[in-house]
2 protein chains.
Amino acid sequence: MESLFNFFNKYNTLSKEGEKAIAEISKIVEIKKNTDLQPIGHTCKTIYFIKKGVARIYYFKDDIDITESFAFENNIIARVESLFTGKTSRKAIQVLEDSELIAINSTQLFKLYDKFPEIERLFRLIFEAAYVGTIDRIEGIQFHTAEERYKALIKEAPDVLKRVPLKFVASYLGITQVSLSRIRGIR
Amino acid sequence: MESLFNFFNKYNTLSKEGEKAIAEISKIVEIKKNTDLQPIGHTCKTIYFIKKGVARIYYFKDDIDITESFAFENNIIARVESLFTGKTSRKAIQVLEDSELIAINSTQLFKLYDKFPEIERLFRLIFEAAYVGTIDRIEGIQFHTAEERYKALIKEAPDVLKRVPLKFVASYLGITQVSLSRIRGIR
DNA sequence: GGAAGTACTTTACATATGATAAATAATCAA
DNA sequence: TTGATTATTTATCATATGTAAAGTACTTCC
């Protein structure tokens, strides 16, 4: 659990009791490459922290697989739109390498908020940061060409290109795989 | 302030003390059509609630005016990416009609979080909901044609078309004004 | 009420990206 | 290793949206 608490410390330092409370509602999950953590169509009740591996959130639009986001080591991944609304999620989380994750039960986590304001604050700060990332991404999608977005991705997250199949990168960038291949061809 | 507290009640009901504390750090602002609430280039330290009027967040990309979002009566508007990071904002908030707003000082608000966990929770819930909206918007931008996005906007927020110049709507939809005009021409 | 500035539309042409299909390359399982 | 599956690239053609320029219609303000 130590890597998880190190991650937390970047946002808000917890007391020993706070850490213990989170440890109690969390468990380590090992999972094989290319498998789904949770299926589409259920309400999301888990926040995952990635100890080792890569994961993506994806969904289907007209039978086409669309990657919404990627997450790597020492980051969390969750289907926020279901977690916060309680609605069933049209999305799934899939692991792209043999991975080791820490699964935090969100139902129990949200209950801890009453007893531990420090935990509520911690997750508030984590999700505020994620929210800012999402706002920036809208700007990227809306006002940069596919080529600019691809180059920005190489620069900011070169790991993605190394560890993730290009077909997933394409839909993440909002283009077809053919288009991505064309962009990569230009040098 | 009553309209503000009614808005809050949709997320978390505050105690009288909590309401009073917020009232003390808030003030009513009346502002004329087409003026900026705050200039580009400063750190955002205000969350606005719109009592009457319309506002938009905008910025310049290569000298072109881009609208990031609109907000109408009984909603809040804030440059979240600056509010949460403390960085200066490249964005400005502009009012598109003679408007009446409630300005909440965010520096003082964040200080209240320690004393009033109920206020911290309130704003956590408000921004969680906004975050979910942003996630949904990415999907809209990325995987729907401009025409689909325009029609979705008419359906979800017909007010926008009535109260906001089309040039602002165009950049909000991620297209040029010419393109929007073309789409509107098709019937 | 008229002039000046804004907002909106229309046209013509350029271009980035999509769709489809086929070829090649890489990965995986027996 | 070999064959089968999956991933990636390449080519061709279609189309949505962008750019530029000009025209029309509104607003605003003196």
Side-chain angles (χ1 to χ4, degrees), chain A residues 31-36 53-54 56 58 60-67 70 94-98 138-154 158-187, chain B residues 32-36 54 56 58 60-67 70 94-98 138-154 158-187:
Chain A
I31 184 161
K32 286 278 173 204
K33 183 174 177 167
N34 294 336
T35 53
D36 279 4
V54 200
R56 69 178 183 120
Y58 72 98
F60 291 96
K61 146 122 181 126
D62 304 334
D63 286 340
I64 295 171
D65 176 317
I66 308 283
T67 296
F70 299 109
Q94 183 187 44
V95 145
L96 304 178
E97 296 174 355
D98 293 353
I138 286 191
E139 189 179 335
I141 295 170
Q142 223 163 357
F143 301 105
H144 294 95
T145 63
E147 188 174 349
E148 286 168 335
R149 279 176 268 151
Y150 173 69
K151 284 181 175 161
L153 183 66
I154 293 177
D159 259 30
V160 174
L161 278 298
K162 284 179 208 131
R163 299 171 69 182
V164 172
L166 288 176
K167 58 177 180 174
F168 296 150
V169 174
S171 67
Y172 173 76
L173 291 173
I175 54 178
T176 60
Q177 191 178 354
V178 173
S179 213
L180 176 58
S181 200
R182 187 157 35 197
I183 287 164
R184 284 161 53 82
I186 305 160
R187 197 160 322 263
Chain B
K32 285 280 173 203
K33 183 172 180 172
N34 293 335
T35 51
D36 279 4
V54 200
R56 69 178 184 121
Y58 72 98
F60 291 95
K61 147 126 180 121
D62 304 334
D63 287 338
I64 295 170
D65 176 316
I66 308 283
T67 296
F70 299 109
Q94 183 188 43
V95 146
L96 304 178
E97 298 173 354
D98 292 352
I138 287 190
E139 189 179 335
I141 296 170
Q142 222 163 358
F143 301 106
H144 293 94
T145 63
E147 189 176 346
E148 286 168 335
R149 279 176 269 150
Y150 173 69
K151 284 181 176 163
L153 183 66
I154 293 178
D159 259 30
V160 175
L161 278 297
K162 285 179 208 133
R163 299 171 68 182
V164 172
L166 288 175
K167 59 177 179 174
F168 297 151
V169 174
S171 67
Y172 173 75
L173 291 173
I175 55 178
T176 59
Q177 192 179 355
V178 173
S179 214
L180 177 57
S181 198
R182 189 156 34 200
I183 287 164
R184 283 161 53 82
I186 306 158
R187 195 161 322 262

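Just so it is clear: chains get the letters A, B, ... in the order the sequence lines come, proteins before strands, and each one is counted from 1. Just so you know, these numbers come straight off a predicted model, no measurement behind them. Computation of the quantities below employed the complete heavy-atom set of this structure, encompassing side-chain atoms and omitting hydrogens, waters and symmetry-equivalent molecules.
- Of the residues listed (L166(B), L180(B), I141(B)), the one engaging L173(B) in a side-chain contact (heavy atoms from CB on, under 4.5 Å) is L180(B), and it is the only one.
- Distance, K32(B) NZ to dC29(D) C1': 15 Å, rounded to whole Å.
- The CD1-P distance, from I66(A) to dG18(C), rounds to 11 Å in whole Å.
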### Message
With side chain to side chain contact (heavy atoms under 4.5 Å, CB included) as the criterion, how do L96(A) and R56(A) come out once you've worked through the C-alpha distance, each side chain's angles and the decisive distance to 0.1 Å?
### Response
CA-CA 7 Å; L96(A) 304 178; R56(A) 69 178 183 120; 4.0 Å; yes
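- Ion pairing of K33(B) with D98(B) is absent here, as no side-chain N (NZ or NE/NH1/NH2) approaches a carboxylate O to less than 4.0 Å.
- Going from atom CG of D159(B) over to atom CD1 of I154(B) covers 13.0 Å, rounded to the nearest 0.5 Å.
- At whole-Å resolution of the value, CZ in F168(B) and C1' in dC8(C) are 13 Å apart.
- Looking only at side-chain heavy atoms (C-beta outward), D65(B) and F60(B) come within less than 4.5 Å of each other.
- The separation between L166(A) atom CG and dT6(D) atom P is 17 Å, rounded to whole Å.
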### Task
Output, in order, the C-alpha distance, side-chain angles, deciding distance and verdict of side chain to side chain contact (heavy atoms under 4.5 Å, CB included) for L161(B) and R184(B).
CA-CA 11 Å; L161(B) 278 297; R184(B) 283 161 53 82; 4.0 Å; yes
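- Within 6.0 Å of NZ on K151(A) lie no more than 12 heavy atoms contributed by other residues, nucleotides or ligands.
- What you find for D36(A) and Y58(A) is that their closest heavy atoms are OD2-OH, 2.7 Å.
- Separating the CG atom of L96(A) from the P atom of dA7(D) is a distance of 11 Å, rounded to the nearest angstrom.
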Identify each atom pair where a protein N or O and an N or O of nucleotides 17-20 of chain D are less than 3.5 Å apart, giving names and distance.
unit_1	atom_1	unit_2	atom_2	d
dT17(D)	OP1	A146(B)	N	2.8
dG18(D)	OP2	T176(B)	N	3.2
dG18(D)	OP2	T176(B)	OG1	3.2
dG18(D)	OP2	S179(B)	OG	3.0
dG18(D)	N7	R182(B)	NH2	2.9
dG18(D)	O6	R182(B)	NH1	3.1

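- To the nearest 0.5 Å, atom CZ of residue R149(A) and atom NE2 of residue H144(A) are 9.5 Å apart.
- Rounded to an integer number of Å, the gap from CD1 of I141(A) to P of dA16(C) is 20 Å.
- Rounding to the nearest 0.5 angstrom, the gap separating the CD1 atom in I175(B) from the CD atom in Q142(A) is 9.5 Å.
- Without hydrogens or angle criteria, T67(B) side chain to Y172(B) main chain gives no donor-acceptor distance under 3.5 Å.
- Going from atom NZ of K167(A) over to atom C1' of dT9(D) covers 15 Å, rounded to whole Å.
- The CG-C1' distance, from D63(A) to dA19(C), rounds to 16 Å in whole Å.
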Identify all pairs in which a protein N or O lies below 3.5 Å from an N or O of nucleotides 22-24 of chain D, and state each distance.
none

Write out a two-atom table: protein N or O, nucleotide N or O from nucleotides 27-30 of chain C, distance below 3.5 Å.
unit_1	atom_1	unit_2	atom_2	d
dC28(C)	OP1	K33(A)	NZ	3.4

